[in-house]
Asker: 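Supplied in structure tokens, the structure appears directly below.
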Amino acid sequence: MGIENRVAVITGATGGLGRVVARRFAEHGARLALFGTNAGRLAQLAGELSLPEERRLTHVVNLQEREAVQAAAAAVLAKFGRAEILLHLVGGWIGGKPVADVSADEVSEMLDQHLWTTFNVAQAFLPHLRANGWGRLVAISSPHASRPPANAAPYAIGKAAQEALISTLAQEAQDRGVTANLLLVRTIDVQRDRDRERTPKNASWTTPEEIAAAILYLCSDEARAVNGARIPLYGGP
Ligand SMILES: NC(=O)c1ccc[n+]([C@@H]2O[C@H](COP(=O)([O-])OP(=O)(O)OC[C@H]3O[C@@H](n4cnc5c(N)ncnc54)[C@H](OP(=O)(O)O)[C@@H]3O)[C@@H](O)[C@H]2O)c1
């Protein structure tokens with residue numbers, strides 16, 4: 001079975017990847033709960049998707065705020081009666097200097113954005129996924145989480161913590177028909193630079209459409225046995 005009529009929560013829905021994933025999920029007949037921090041951008045996205053009212057919900061929320069995330073989950077349940085798919089696409093990057101020059105605030109900011117938003121949405125939504133006896137959680141990470149390069153400590157630390165959390169959730173949720181998986185990308189090629197002018201650097205970039213296709217597979221019934229995976233989408237080692 002595909003994702004038609006599944007209730008999918010997309011965080012970071014107005015981001016570079018989120019917009020494309022929202023469009024693909026809308027095309028495949030899902031019911032969408034779109035989360036972002038800006039009402040105007042969310043309204044614009046909802047307009048572009050031209051979904052009927054009964055198939056969409058937009059919700060402004062700072063996912064770093066635990067109680068606000070619980071309220072967002074309540075809004076999804078009130079509207080759709082269930083939540084089945086959680087696509088956590090919140091992002092941000094801090095780096096560019098050696099550890100010696102990194103501030104504690106910069107590390108905290110990346111932990112807030114990558115770890116604590118994931119923790120908050122997992123605690124708010126996983127009980128509902130488990131209650132269905134069917135659920136899918138997908139997040140996007142980076143090879144830098146397990147092989148950090150120089151000068152990227154805040155981001156690498158944030159992503160490594162997020163990966164540890166998702167891998168733990170995969171072990172805990174498996175018995176209830178719920179899977180949790182990570183897709184790894186180096187750079188999301190929103191502008192499709194790779195297709196216009198191929199360089200050694202951009203050859204390993206991944207388009208939002210390629211990522212969306214992998215997410216659609218992970219959210220299918222056929223991917224039931226794929227759980228706790230870290231799947232690289234950059235075409236090389
Ligand atoms: N871009 C890359 O090259 C790359 C590489 C590896 C992995 N990734 C991962 O891929 C995913 C998608 O990346 P992207 O490039 O699409 O990101 P993006 O364009 O920067 O969008 C990130 C989204 O996260 C939302 N967001 C940030 N903090 C939030 C918070 N506290 N509460 C609620 N929403 C928040 C933003 O909402 P607003 O728009 O409302 O501000 C934005 O829509 C992320 O998990 C990212 O870490 C990206």
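When a ligand or atom number is given, it counts from 1 through the structure's own listing order. All residue numbers refer to positions in the sequence shown, counting from 1. Keep in mind that this is a model prediction, so the values were computed, not measured.
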Asker: Quick one: is the NZ or CZ of Arg31 closer than 6.0 Å to the six-membered ring centre of Phe80, and within 45° of its axis?
Answerer: no
Asker: Quick one: does Ser141 get a heavy atom under 4.0 Å from ligand 1?
Answerer: yes
Asker: Is a side-chain donor or acceptor of Arg196 paired with a backbone partner of Gln191 at a separation under 3.5 angstrom?
Answerer: yes
Asker: I'd like to know if Arg194 and Glu210 make a salt bridge, using a cut-off of under 4.0 Å between side-chain N and carboxylate O.
Answerer: yes
Asker: Would you check whether Gly15 has a nitrogen or oxygen atom less than 3.5 angstrom from a nitrogen or oxygen atom of ligand 1?
Answerer: yes
Asker: Should we count CD of Glu54 as having more than 12 external heavy atoms under 6.0 Å?
Answerer: yes
Asker: With only distance considered, is Gly18 within less than 3.5 Å of ligand 1 through an N or O on each side?
Answerer: no
Asker: Does even one non-hydrogen atom of Asn62 get within less than 4.0 Å of ligand 1?
Answerer: yes
Asker: What residue and atom, counting heavy atoms only, is the protein's closest point to atom 45 (O) of ligand 1, and at what distance?
Answerer: Val90 O, 2.7 Å
Asker: If the threshold is 4.0 Å, N to carboxylate O, is there a salt bridge linking Asp221 and Arg6?
Answerer: yes
Asker: Quick one: nearest non-hydrogen protein atom to atom 36 (C) of ligand 1, plus distance?
Answerer: Gly12 CA, 4.7 Å
Asker: Mark yes or no: Arg130 above the aromatic ring of Trp134, with NZ or CZ under 6.0 Å from the six-membered ring centre and no more than 45 degrees from the axis.
Answerer: no
Asker: Which protein non-hydrogen atom lies closest to atom 15 (O) of ligand 1, naming both residue and atom, and how far is it?
Answerer: Ile188 CD1, 3.9 Å
Asker: What is the closest protein heavy atom to atom 37 (O) of ligand 1, and at what distance does it sit?
Answerer: Thr37 OG1, 3.8 Å
Asker: Considering non-hydrogen atoms of the protein only, which is the closest contact for atom 19 (O) of ligand 1, and what is the distance?
Answerer: Gly16 N, 2.9 Å
Asker: Before signing off on this row, confirm whether Thr117 and ligand 1 have an N or O atom pair separated by under 3.5 Å.
Answerer: no
Asker: Quick check: are there more than 12 heavy atoms from other residues, nucleotides or ligands sitting under 6.0 Å from CD of Glu109?
Answerer: no
Asker: What part of Val61, side chain, backbone, both or neither, has a heavy atom within less than 4.0 angstrom of ligand 1?
Answerer: backbone
